[in-house]
Novice: 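One structure, as structure tokens, below. Some questions next.
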2 protein chains.
Amino acid sequence: MRLTTKGRYAVTAMLDLALHSDHGPVSLSDISNRQAISLSYLEQLFAKLRKQSLVTSVRGPGGGYRLSRSRDEIFVAQIVDAVNESVDATGCKGKSDCQGGNTCLTHHLWCDLSDQIHDFLNQISLEQLVRRNDVRQVAERQNSEGRQMARSNEDKISAAIVG
Amino acid sequence: MRLTTKGRYAVTAMLDLALHSDHGPVSLSDISNRQAISLSYLEQLFAKLRKQSLVTSVRGPGGGYRLSRSRDEIFVAQIVDAVNESVDATGCKGKSDCQGGNTCLTHHLWCDLSDQIHDFLNQISLEQLVRRNDVRQVAERQNSEGRQMARSNEDKISAAIVG
DNA sequence: ATTTACCTGAGTATTTTAGTAGGTTATTAG
DNA sequence: CTAATAACCTACTAAAATACTCAGGTAAAT
């Protein structure tokens with residue numbers, strides 16, 4: 001179990017999806033605008049999330065992504081694992097031969113730690129996150145900002161035309 | 001709290017130090033040989049460990065590093081933090097202004113997760129690690145291999161001379 | 001048909017990780 | 001004293017991961 005910014009991006013995006021999934025599928029460009037994550041990077045992440053059956057996609061106008069199951073059945077650990085495909089916690093690639101054919105000193109140790117962190121993040125569902133007060137508040141603000149965002153995009157376009 | 005290979009290297013090295021600290025200071029080249037971590041990389045790591053007062057150094061022949069306090073007073077979380085100087089778990093640099101002056105959706109979330117993982121790793125001391133059976137066994141093997149290592153180095157030297 | 005938006009793959013920039021090289025300084029064993 | 005040892009320091013480099021861009025697809029709705 002590795003914990004890097006990549007996993008954070010994925011969890012943030014999935015949480016955004018969970019927050020807006022009640023009105024049909026959510027497009028990646030919406031998530032991109034709200035969470036300030038580049039569209040192409042989201043596409044890469046969601047390709048992996050889809051392969052792990054965490055989301056389903058709907059093509060065509062009005063399409064986007066949906067959670068593949070209810071919010072209380074999707075856990076943070078699953079999301080992090082989906083985007084960090086190199087799940088080997090030990091650096092030994094699970095082969096126990098990290099150091100000249102033998103297990104390294106902290107091999108078992110890191111397996112244990114990794115398991116425990118994994119268990120911990122596996123108890124936290126999207127549902128629990130959505131219920132958090134701080135998340136709800138930030139989400140509220142982002143929703144209203146979304147409309148302003150549309151305006152500011154027009155500003156950008158006109159600025160581009162003007163020079 | 002980030003969890004990468006860098007932190008693992010540091011914990012492995014500190015554990016090696018803990019295992020061999022009963023006969024005076026331990027040199028980085030000893031650790032390098034036993035744990036197969038490059039000397040210069042160890043130097044970088046130990047510079048940080050020293051700044052965080054986790055180890056003390058003794059210069060000159062027979063010198064090396066010592067744990068700054070007893071093994072049951074040094075915790076895995078402290079080691080990981082020492083080498084991952086960018087301790088900001090949120091990516092917002094703790095300023096809560098990660099997204100255009102406002103907190104991002106998962107800001108508080110990642111702070112919480114980070115705290116809990118941190119608490120978890122902060123309960124695990126070097127003393128506990130040293131007591132583990134698997135660690136003792138690997139350490140045993142590495143100690144006997146150390147003597148062989150000296151031989152194989154001579155082989156390398158003679159090989160270099162010959163060809 | 002055309003738009004929307006997913007999908008794919010290739011490519012780039014930045015950062016982090018890991019290791020090199022080449023020193024200086026402090027210490028000690030001989 | 002001096003030669004060896006090992007910490008300490010700086011700068012550089014190679015490789016990998018991360019974050020992002022671009023240029024094209026393809027599928028499904030309007």
Side-chain angles (χ1 to χ4, degrees), chain A residues 2-13 17 20 24-33 35-52 54-66 68 80 82-88 91 93 98-99 104, chain B residues 2-13 17 20 23-33 35-52 54-68 80 82-88 91 93 98-99 104:
Chain A
R2 288 164 62 225
L3 282 179
T4 60
T5 51
K6 198 174 191 174
R8 280 206 293 274
Y9 273 104
V11 173
T12 302
L17 194 52
H20 298 90
V26 181
S27 74
L28 291 189
S29 57
D30 283 355
I31 299 177
S32 175
N33 285 328
Q35 305 307 331
I37 306 170
S38 88
L39 180 60
S40 322
Y41 198 47
L42 279 175
E43 286 181 343
Q44 288 177 38
L45 296 178
F46 272 79
K48 290 177 178 176
L49 294 171
R50 203 174 67 89
K51 272 177 197 155
Q52 298 301 315
L54 292 172
V55 295
T56 56
S57 62
V58 180
R59 292 182 146 199
Y65 284 95
R66 246 191 273 264
S68 65
V80 174
V83 296
N84 287 307
E85 67 278 358
S86 66
V87 193
D88 70 293
K93 286 145 199 159
C98 29
Q99 193 185 333
C104 64
Chain B
R2 287 164 62 226
L3 282 179
T4 60
T5 51
K6 197 173 190 175
R8 280 206 293 275
Y9 274 104
V11 174
T12 302
L17 195 52
H20 298 88
H23 306 301
V26 180
S27 74
L28 291 189
S29 58
D30 282 356
I31 300 178
S32 174
N33 285 329
Q35 305 307 330
I37 306 170
S38 87
L39 181 60
S40 322
Y41 198 47
L42 280 175
E43 286 181 343
Q44 288 176 39
L45 296 178
F46 273 77
K48 292 177 178 177
L49 294 171
R50 202 172 66 89
K51 271 176 198 157
Q52 297 300 315
L54 292 172
V55 295
T56 57
S57 62
V58 180
R59 289 184 150 200
Y65 285 94
R66 246 191 273 264
L67 297 181
S68 65
V80 173
V83 296
N84 287 305
E85 68 278 356
S86 65
V87 192
D88 69 293
K93 285 145 199 158
C98 29
Q99 193 184 335
C104 65

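The figures here come from the full heavy-atom set of this structure, side chains too, leaving out hydrogens, waters and symmetry mates. Residue numbers start from 1 in every chain, and the chains themselves are labelled A, B, ... in the order their sequence lines are given, proteins ahead of strands.
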Novice: Identify which nucleotide among D:dC20, D:dT18, C:dT17 has an atom closest to any side-chain atom of A:Thr4, counting heavy atoms from C-beta outward.
Specialist: D:dT18
Novice: When the distance from NZ of B:Lys48 to P of D:dA7 is rounded to whole Å, what number comes out?
Specialist: 18 Å
Novice: Measure from CG on A:Leu42 to P on D:dT21 and round the result to the nearest Å.
Specialist: 11 Å
Novice: Determine the interplanar angle of the B:Tyr65 and B:Phe46 rings, folded into 0 to 90°, and report it as parallel if under 30°, tilted if 30 to 60°, perpendicular if over 60°.
Specialist: tilted
Novice: Hey, mind stepping through A:Ser27 and A:Ser29 against side chain to side chain donor-acceptor pair (under 3.5 Å) and telling me if it holds?
Specialist: CA-CA 5 Å; A:Ser27 74; A:Ser29 57; 3.1 Å; yes
Novice: If the cut-off is 4.0 Å, is A:Tyr41 near the phosphate of D:dC20, judged by side-chain N/O to OP1 or OP2?
Specialist: no
Novice: Please answer whether the main-chain N or O of B:Ile37 pairs with a side-chain N or O of B:Ser32 as donor and acceptor at a distance below 3.5 Å.
Specialist: yes
Novice: In whole angstroms, how far is the P atom of D:dC9 from the CG atom of B:Leu45?
Specialist: 15 Å
Novice: Measuring from the side chain of B:Ile37 (C-beta onward, heavy atoms only), which nucleotide among C:dA18, D:dC20, C:dG19 has the closest atom?
Specialist: C:dG19
Novice: Can you name the nearest heavy-atom pair linking B:Leu45 to B:Val83, along with the distance?
Specialist: CD2-CG1, 3.8 Å
Novice: Could you tell me which non-hydrogen atom of B:Pro25 sits nearest to which non-hydrogen atom of B:Arg66, and how far apart they are?
Specialist: CD-NH1, 3.5 Å
Novice: Going through the distances and angles, do B:Tyr9 and B:Lys6 end up as a side-chain contact (heavy atoms from CB on, under 4.5 Å)?
Specialist: CA-CA 5 Å; B:Tyr9 274 104; B:Lys6 197 173 190 175; 5.6 Å; no
Novice: Can you tell me how far C1' of D:dA28 sits from CZ of A:Arg66, to the nearest Å?
Specialist: 14 Å
Novice: Could you run down nucleotides 4-15 of chain C 5' to 3' and tag each one B, S or - for protein heavy-atom contact under 4.0 Å?
Specialist: BSBBB-------
